[in-house]
Amino acid sequence: MEPVVLYGTSWCAQTQLLRRYLERLGVPYRYVDLELHPEVHPTLRFLTGGRLSHPVVYVGGEVLVEPTLSELERALWRRGYLWRPW
């Protein structure tokens, strides 16, 4: 299973909400702070169609730009990270 990757910033409330949500679900993920790792900006722009948006979540080949909790949950379920929709 590919790792879930969350791109965001420490000061973004939506990023922190998604981090807490993934932790609560027990989904392993890698967090990339865009301020600490500017070298990922070109990759993120590629994934988002040219915009440096955040948060962005990469879930098993699927890219979610500024997702809601419901959108993230559905993507996790589709990719097999959750056993059933919550």
Side-chain angles (χ1 to χ4, degrees):
M1 205 178 261
E2 289 185 60
V4 173
V5 182
L6 171 60
Y7 299 91
T9 60
S10 62
W11 51 265
C12 174
Q14 184 66 15
T15 296
Q16 300 314 311
L17 177 70
L18 295 176
R19 290 184 75 186
R20 287 191 303 274
Y21 187 68
L22 289 168
E23 289 166 7
R24 202 167 52 243
L25 292 176
V27 174
Y29 72 98
R30 183 169 59 99
Y31 172 62
V32 179
D33 189 315
L34 296 173
E35 292 184 318
L36 298 177
H37 298 283
E39 69 276 7
V40 302
H41 291 188
T43 300
L44 193 59
R45 282 191 175 99
F46 175 78
L47 292 173
T48 62
R51 296 178 29 217
L52 188 57
S53 299
H54 62 84
V56 172
V57 186
Y58 180 84
V59 181
E62 189 172 346
V63 177
L64 306 171
V65 180
E66 299 177 16
T68 64
L69 292 180
S70 296
E71 291 167 338
L72 177 56
E73 182 179 283
R74 285 192 299 274
L76 292 168
W77 182 72
R78 278 192 303 272
R79 301 296 182 180
Y81 292 92
L82 298 177
W83 294 104
R84 61 184 175 88
W86 299 91

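Along the sequence shown, residues carry numbers from 1.
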Looking only at heavy atoms, which two atoms of [X] and [Y] are closest? And how far apart?
X: E66; Y: S53; answer: OE2-CB, 3.7 Å
X: P42; Y: E39; answer: CD-O, 3.4 Å
X: E73; Y: L82; answer: O-CD1, 3.9 Å
X: P67; Y: V57; answer: CG-CG2, 4.0 Å

Please examine the side chains of L6 and V32, heavy atoms only from C-beta on, and report whether any two atoms are closer than 4.5 Å.
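Of all side-chain heavy-atom pairs linking L6 with V32, none is under 4.5 Å.
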Does some side-chain heavy atom of P3 sit less than 4.5 Å from a side-chain heavy atom of R30?
no
By side chain to side chain donor-acceptor pair (under 3.5 Å), which residues pair with R74, not counting sequence neighbours?
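R74: no side chain to side chain donor-acceptor pair (under 3.5 Å) contacts found.
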Is it possible for you to say whether Y31 and V63 belong to one hydrophobic cluster, with membership spreading through side-chain heavy-atom contacts below 4.5 Å?
no
Do you know which of L44, V5, L64 makes side chain to side chain contact (heavy atoms under 4.5 Å, CB included) with V56?
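Result for side chain to side chain contact (heavy atoms under 4.5 Å, CB included) with V56: L44.
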Enumerate the residue pairs fulfilling side chain to side chain donor-acceptor pair (under 3.5 Å) with a member in residues 7-17, sequence neighbours excluded, ordered by first and then second residue.
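Applying side chain to side chain donor-acceptor pair (under 3.5 Å) to every pair that reaches into residues 7-17, excluding sequence neighbours, yields W11-E35.
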Atom CD of E23 and atom CZ of R19: how far apart are they, to the nearest 0.5 Å?
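Reported value, rounded in 0.5 Å steps: 6.0 Å.
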Looking at E71 and T68, would you say the former's side chain and the latter's main chain have a donor-acceptor pair under 3.5 Å?
yes
